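Per chain, numbering begins at 1; letters A, B, ... match sequence-line order. Model, not experiment: these values are computed from the prediction.
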2 protein chains.
Amino acid sequence: MPIEALQRPLSLRQQVYERLRTALRAGEYRPNQRLTEIGIADALGVSRTPVREALGLLSREGLLSPMPHGGFKVPDLQVDDLNDIFELRYLLEPYAAGLAARNAYHEGVTGMHVAIQTEKQCLIDSDNIAFVQASQDFRNRLFSMAGNRRLASAISQIEGHVQFIRTETFDDWKTRTVLIASQERILEGVRLRSAEEAAKAMRALLTTTKNTLLAALQQYNADAAPEAHF
Amino acid sequence: MPIEALQRPLSLRQQVYERLRTALRAGEYRPNQRLTEIGIADALGVSRTPVREALGLLSREGLLSPMPHGGFKVPDLQVDDLNDIFELRYLLEPYAAGLAARNAYHEGVTGMHVAIQTEKQCLIDSDNIAFVQASQDFRNRLFSMAGNRRLASAISQIEGHVQFIRTETFDDWKTRTVLIASQERILEGVRLRSAEEAAKAMRALLTTTKNTLLAALQQYNADAAPEAHF
DNA sequence: TAGGCATCTATTGAATACAGTATTCTTATA
DNA sequence: TATAAGAATACTGTATTCAATAGATGCCTA
């Protein structure tokens, strides 16, 4: 029988990186909040070295912005940033969806279908975290089916720039239903191997996402404004 | 009068990063060659720490690929990789050129013009290094005029993946002349504020570039093949 | 009381030390 | 002679230590 390849433990740097990345995407840190190596190292119970390296990577990816005299802070997105980001996403993601439709293969399609079913179940169970995970799974399978790793990597990077997607942002039933409907249209396009259909559906999905994020951002800035006077 | 921003001394990490990046782009290391922290640290006369961090960044950018048990090697591009890379560049760069045409402003256009004139002079002087620099300058000005920093950053990243662009690759007079002609067409499109013209010219430029690189890659692999038998 | 100077602290940048692991070379035995 | 075991080597991952610098605080003087 084939024995399972034993997986070596992830390096600390990798763990710290993942942890911080998800924390940032979950909105655990406030915009403009300064992150100190020591603080994080202490909090995670590791030395500064792996933290240093993780921070460097995150900064390179744009999830943290470097401060003038060393150190990093959480960048605060403005509407302009969101426009830039989505301009890029409009360019990349529909194209990738089209590629996926052209290259569609059974396993990938099945995986996407399963992801959508999972999302529906999560909607019923009100399991927000699992929903977001399933949604991410859908995207991963779609973009991996596109067959261009560098394209997928570019998408994943730019997607990471929108880090105030707390799970709550998409928490309402209506938004999620629309989201699922869009994904089903994408899947349908992929099934039919229609690049144009898949791309069109992806554009619709992006529009929904952008509007939701815009609203969340404005809400957020409105909330944060009073603090700014201090 | 505006005083000059005083520049603090570059950190060692930054210096090592720059040094390695230019070395990689200049083709100083061979594909599949393993880069050891200690080796580089000794060669540059610094400790492993800044080297580690620089290597990590380069790896994240795709200029180095991580090895299974730690360490990095110079990735060897295959034709497939080149196709992936140019698929992405075809998507991003013509679009960016179009944006630049739409947003065109005097200073940027002038800068692009100067860059082209510099290239012509370098062609006469046979100054390869300066030619490549001027060419890079042209691109930077163009993409910065597009007004979307994240788009420009994505382009710069994917461009970095083609690191075997030694200066020699574009060394022949004919290729460079064609290159300059394409750039002039792009500039013309930008001047006329015609997004479509600029994008079209950029596509032509990319086609030239890709073909040149493909030829160089095949040449390179043919050269390298005999070694592989040892 | 206000401004300048010195000191103290917090934090990063860099170097070194230590541990674990993979690879390679050597040696012994079948 | 070939193969396998064991030792030596090389390298990475992580921690710790040292150095430098910026910012803050408090004191002293005009």
Q | Integer-rounded Å distance: C:dG13 C1' and B:Y17 OH | A | 19 Å
(Q) On DNA chain C, does the nearest nucleotide to A:G71 precede the nearest nucleotide to B:P50 from the 5' side, or the other way round? Give the residue. (A) A:G71
Q: Let me know, please, whether A:G45 or B:E37 comes out on the 5' side of the other along DNA chain D by nearest nucleotide.
A: B:E37
Q: Among A:Q14, A:R13, A:R48, find the one that has a side chain to side chain donor-acceptor pair (under 3.5 Å) with A:E53.
A: A:R13
Q: Would you indicate which nucleotide in D:dG13, C:dT11, C:dG13 comes nearest to any side-chain atom of A:R13?
A: D:dG13
**Q.** B:R48 side chain, from C-beta outward: closest of C:dA15, D:dG13, C:dT12
**A.** D:dG13
Q. When the distance from CD of B:Q15 to P of C:dG13 is rounded to whole Å, what number comes out?
A. 14 Å
(Q) Using a 4.0 Å heavy-atom cut-off, does B:T36 contact any base of the nucleic acid, only the sugar-phosphate backbone, or nothing at all? (A) sugar-phosphate
Q: Kindly confirm or rule out a cation-pi arrangement of A:R149 over A:F143, judged by NZ or CZ under 6.0 Å from the six-membered ring centre and within 45° of its axis?
A: no
Q.
From the set C:dG13, D:dT16, C:dT11, return the single nucleotide nearest to any side-chain atom of A:R52.
A. C:dG13
Q.
Can you measure A:I38 atom CD1 to C:dT9 atom P for me and round it to whole angstrom units?
A. 15 Å
Q: Report the distance from atom CZ of B:R34 to atom C1' of D:dT12, rounded to the nearest whole Å.
A: 8 Å
Q: Check the side chains of B:E87 and B:N83 for a donor-acceptor pair under 3.5 angstrom, ignoring hydrogens and angles.
A: no
Q. Which part of the nucleic acid does B:L12 contact within heavy-atom distance under 4.0 Å: base, sugar-phosphate only, or nothing?
A. sugar-phosphate
Q. How long is the line joining CZ of A:F72 and C1' of C:dG13, in whole Å?
A. 11 Å
Q.
For the residue pair B:R34 and B:F72, would you count it as a cation-pi contact if the rule is NZ or CZ under 6.0 angstrom from the ring centre and within 45 degrees of the ring axis?
A. no
Q) Would you say a side-chain N or O of A:S47 is under 4.0 Å from OP1 or OP2 of D:dA15? A) yes
Q: For B:M67 and D:dA10, give me the distance from atom CE to atom C1', rounded to whole Å.
A: 13 Å
